[in-house]
Amino acid sequence: MAYDPQKIEKKWQRAWEKSGIYKAQDTVGGKKNFYHMVMFPYPSGNLHIGHWYNFAPADVFARFKRMNGFNVMSPIGFDAFGLPAENAAIKRKIHPKNWTHKNIENMRKQLKSMGNIYDWSREVVTCDPEYYKWTQWLFLQFYKNGLARKAKVPANWCPSCKTVLANEQAEGGKCERCDSQVIQEEIEQWLFKISSYADELLKGLDNLDWPETTKIMQRNWIGRSEGLQIKFSISNSQFSIPVFTTRADTLFGCTYLVVAPEHPIILNLKSEILNLKFVEQYIEESKKKTERDRISDLKEKSGVELKGVKAINPVNGREVPIFVADYVIMHYGTGAIMAVPAHDNRDFDFAKKYNLPIIEVVKGTVPLGGTVPTMAYEGEGALINSDKFTGMPSNDARERIGEWLQKQEKAEKKVYYRLKDWLISRQRYWGAPIPMVFCEKCSWQAIPEKDLPVLLPNIKNYLPTGEGKSPLAKSKKFINTVCPKCGGSAQRETDTMDTFICSSWYYLRYADPLNETEFASEEKLKAWLPVNVYVGGAEHSVLHLLYSRFFTKALNKMGLVNFSEPFLGLRHQGIILGPDGQKMSKSKGNVVDPDEQVKKYGADAVRMYLCFMGPYNQGGPYNPDGLVGINRFLNKAWGLFEKSTPTPKGVGAPTVSVGEFKNPKTEKLLHQTIKRVTEDIEGMRFNTAVSALMILVNELQQPTYKKDHGSISTFLLLLAPFAPHMAEELWSRLGNKDSIHNQEWPKYDPKLIEEERINLIIQINGKVRDKIDVPSGISEKEASDLVINSEKIKKWLQGQEIKKTIFVPNKLINLVV
RNA sequence: GCCGCGGUGGCGAAAUGGUUUACGCACAACACUUAAAAUGUUGCGAGCGAAAGCUCAUGUGGGUUCGAAUCCCACCCGCGGCACCA
């Protein structure tokens, strides 16, 4: 019978579902638990090839762990809240909930066609009230522990549409809809204090088994910088301006200060500023700029001097002018800087434009280039023009000047982070409601936990309101409630939560998905967490992966979980491109539909091809023609079985072990293949594992080996993680009653993989001149005797003196003449 | 601009200091066939050569080494992330 994937794949998927073989028990005697997880998909409607690339090779790994004696849990779910559901709803006039559930249903079917070991009994869907009840509960814990606060946050605001705009909707400072000028407006929003965990988030990275590049991205994102906070007093005034710098060594080169437009000192000095009108005008102008605009004209720096006020440089008592300029941002450091134009390019640009003095204080090894420097020198060097510090290396001077100023109480050491607090409010319908109420008398109050979940009401109009508020604000039924504290009338928060919150804890829920009284029980969390290996795209290197770490650390501090990192191991798959090497997109017409591929070649073939394509973390073009090779391989493997086995009539069919198999040459290759495949899967080098299997099949196919059951059983075990359906089918045809996926992974015999004879490379002066077949373990003396007397080599030596011999056992001999 | 990743046959790639091009695709010839498909066998980096063989080739240029795709330096190209962070 020919190989027919359509038939056997459906058959085994049903059988596995029926037997519940992949259901993860919390404890299995004698086995260690292994929590394997992939990034759960957003239910966009269809599983695309990128999902397959994430999930299929990851499943190979999970199956491999399973066969290696681990009690593996591999759960799946849906990240179901979010904007696209609303957009689709608006476009197609169906409710976001219905749209989402329809998509989930379809994707569930597609996921099942992959043949993965998902434990569907643990499925979580973040938009189900049973789930978001606990998202809300967790919000309350953050709130009660002082990690959630409501604060005014600048947002892009269109005064004409009366709405908040995302950065993308305010391109060029104009409202996307009405083209009017967008301004920066402060709006009350909920924030999570992730910044208070900056240091722990940074330190925790050190011990994680994560890609180094991902760790670097998180470190940069957190952006810790150590420096000095220096007080600049203001002449004839009680006020002073603290500035933060990492380059205290350049203090003598400070020729002016700059404060951000939002800096409070401007208000304080109002009466002193001679050109106040002008300054206020500038501040108004900069308010009009969106953050994006401020970034877009990086080179064109503008600012206005605060006339009538001067700051005093604490190192030399010199008076310097103060400017307000929007190249300084309020939310980092102190919102004010000391400008050293000779040694900072931003200050340099500004100083050039406004004709401010540039004083060089660090001499680098690279000269600035002539008398008119064209850019600042930002490197290290020796100090000049710096009083008693002149001549000192800049890194020493940094410390000395710091100590000196600290003694005078004019400065203190300080650490600042780039990481901002996490804005979690969304003025959107399709998300989990924030479980808070506002009472005129008692201010913000948490909803009592017993009243959770705060259900997302089924309103008709879920379109954005155009008033900067969530569509929920229109539902009187939803808003009006009573204050949990005083019992008076109160109003619900109408913002919903950022969907990143839902995905920041789903890995906890998988451990105990049906629990109605807790987000997860202590016992179940203990059984499974933290996650051993998490597989997903590198695009989540910062946001999702950082938020999840923050959640875990916060819950750990609250005593809700007993670990402080959620994902011990992390691996990224690469990005799949279209057959033309371009990013897949409908407009380019290069989209590969996995369903079609499965229909044509079967899930096993698609799984294997994705493994075979190239290095897993690299991705690359998906070439449907390449699948032909895998298809041939699977057919060969199938044929191998057909030819090797007399049709078992069900009775006493052989279950064969490796030991029964006798041909020495194949036996050696078989054991080498076991080693190779084992090590390659462990290291997620799926491509080379598949090629090793191909080499084995090519060998087993040779006429001499056709009747060999032992090798075929072992081969099937090695094949099982990659092509679980075919392996199961052939395994059962061999007469085995138990599933192949319950079998133990084969072990290789180290003695059997050694070669008796090897190909010794002969080099003269490092160039390969011959290869000879010799017994393995040959000594240097034996080898060099062979070489010197070889006819082929004689012409290269031509009686020259051998100056040096390099001998690499079992590999090569190199004679230097 | 800064940080990170990569550049090897016609193509996907293998090799992480020791035979460059494993495995697969494509291509060609042959076998089977009335024929085609499927399958199998063989060949397949470039140049010179009848052949044995030699020379050259891992983005470019230099260096370290007995020996470099692999390590170091400079540069070019492609991709990803961040972006006035003081």
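Chain letters run A, B, ... following the sequence lines, proteins first, then strands; residues in each count from 1. All heavy atoms count here, side chains included; hydrogens, waters and symmetry mates do not.
- Distance check on atom C1': B:G81 versus B:U70 gives 27 Å, rounded to whole Å.
- Ring geometry for A:F244 versus A:Y332: interplanar angle over 60°, hence perpendicular rather than tilted (30 to 60°).
- Nucleotides B:G12 and B:C2 are separated by 33 Å at their C1' atoms, to the nearest Å.
- Rounded to whole Å, the separation between the P atoms of B:C84 and B:A13 comes to 35 Å.
- Every residue meeting the salt bridge (Lys or Arg N to Asp or Glu O under 4.0 Å) condition with A:D785, not counting sequence neighbours, appears here in chain and number order: A:K781.
- Using a 4.0 Å cut-off between charged nitrogen and carboxylate oxygen, A:D209 and A:K215 do not count as a salt-bridge pair.
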Pairs: protein N or O with nucleotides 18-25 of chain B N or O, under 3.5 Å:
| unit_1 | atom_1 | unit_2 | atom_2 | d |
| --- | --- | --- | --- | --- |
| B:G18 | N2 | A:Q763 | OE1 | 2.9 |
| B:G18 | N2 | A:N814 | ND2 | 3.3 |
| B:U19 | O2 | A:K771 | NZ | 3.1 |
| B:G24 | OP1 | A:N698 | ND2 | 3.0 |
| B:C25 | OP1 | A:R632 | NH1 | 2.5 |

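- For the P atoms, the distance from B:G43 to B:C48 is 22 Å, rounded to whole Å.
- The aromatic rings of A:F633 and A:F715 stand perpendicular to each other, their planes meeting at an angle above 60°, with 30° marking the opposite boundary.
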Under a cut-off of 3.5 Å for both distances of each Watson-Crick or G-U pair, what dot-bracket string does RNA chain B give, using [ ] for crossing pairs and | for inter-strand pairs? (((((((..(((.....[....))).(((((.......))))).((((....))))..(((((..]....))))))))))))....
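- Using a 4.0 Å cut-off between charged nitrogen and carboxylate oxygen, A:E756 and A:K668 count as a salt-bridge pair.
- Across B:C3 and B:C73, the matching P atoms stand 14 Å from one another, rounded to whole Å.
- In this structure, A:N635 places its CG atom 14 Å from C1' of B:G40, rounding to the nearest Å.
- When rounded to the nearest whole Å, the span between CZ of A:R219 and P of B:C82 equals 18 Å.
- Counting to the nearest Å, the C1' atom of B:G1 and the CG atom of A:D344 are 13 Å from each other.
- The backbone N or O of A:D326 sits less than 3.5 Å from a side-chain atom of A:Y282, completing a donor-acceptor pair.
- One interatomic measurement links the two molecules: CZ of A:F807 to P of B:G67, which rounds to 20 Å at whole-angstrom precision.
- Straight-line distance between the P atoms of B:G24 and B:A14: roughly 15 Å, to the nearest whole Å.
- The aromatic rings of A:Y354 and A:F323 are tilted relative to each other, their planes meeting at an angle between 30° and 60°.
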For a quick check, with a 4.0 angstrom heavy-atom cut-off, what is the B/S/- contact string for nucleotides 2-10 of chain B, read 5' to 3'? -SSS-----
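- Across the protein-nucleic acid pair, A:Y622 atom OH and B:C11 atom C1' stand 16 Å apart, rounded to whole Å.
- With a glycosidic angle no further than 90° from 0, B:G9 counts as syn.
- Atom pair A:Y417:OH and B:C82:P shows a separation of 22 Å (rounding to whole Å applied).
- Atom CD1 of A:I575 has 12 or fewer neighbouring heavy atoms from other residues, nucleotides or ligands inside a 6.0 Å radius.
- A salt bridge is absent between A:R398 and A:E226; no separation between the charged side-chain nitrogens and carboxylate oxygens falls under 4.0 Å.
- The gap from the C1' atom of B:A36 to that of B:G80 amounts to 48 Å, rounded to the nearest Å.
- A:Y616 and A:Y53 have perpendicular rings, their planes meeting at more than 60° on a 0 to 90° scale where under 30° would count as parallel.
- Every side-chain hydrogen bond (donor to acceptor under 3.5 Å, both in side chains) that A:E755 has, sequence neighbours left out, goes to A:Q672.
- Counted within 6.0 Å of NZ on A:K583, heavy atoms from surrounding residues, nucleotides or ligands total 12 or fewer; the atom is thus considered open.
- Listed by residue number, A:F244, A:T245, A:T246 are the residues of residues 240-250 of chain A with a heavy-atom contact under 4.0 Å to RNA chain B.
- At a cut-off of 3.5 angstrom, counting only N and O atoms as typed in the model, there is a donor on one side and an acceptor on the other between the side-chain of A:K301 and the base of B:C84.
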Derivation and outcome, side chain to side chain donor-acceptor pair (under 3.5 Å), residues A:Y327 and A:D347: CA-CA 9 Å; A:Y327 82 91; A:D347 299 342; 2.9 Å; yes
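- Within the cation-pi definition used here (under 6.0 Å to the ring centroid, within 45° of the axis), A:R607 does not qualify as a partner of A:W52.
- Here, B:C82 and B:G67 have their P atoms 45 Å apart, quoted to the whole Å.
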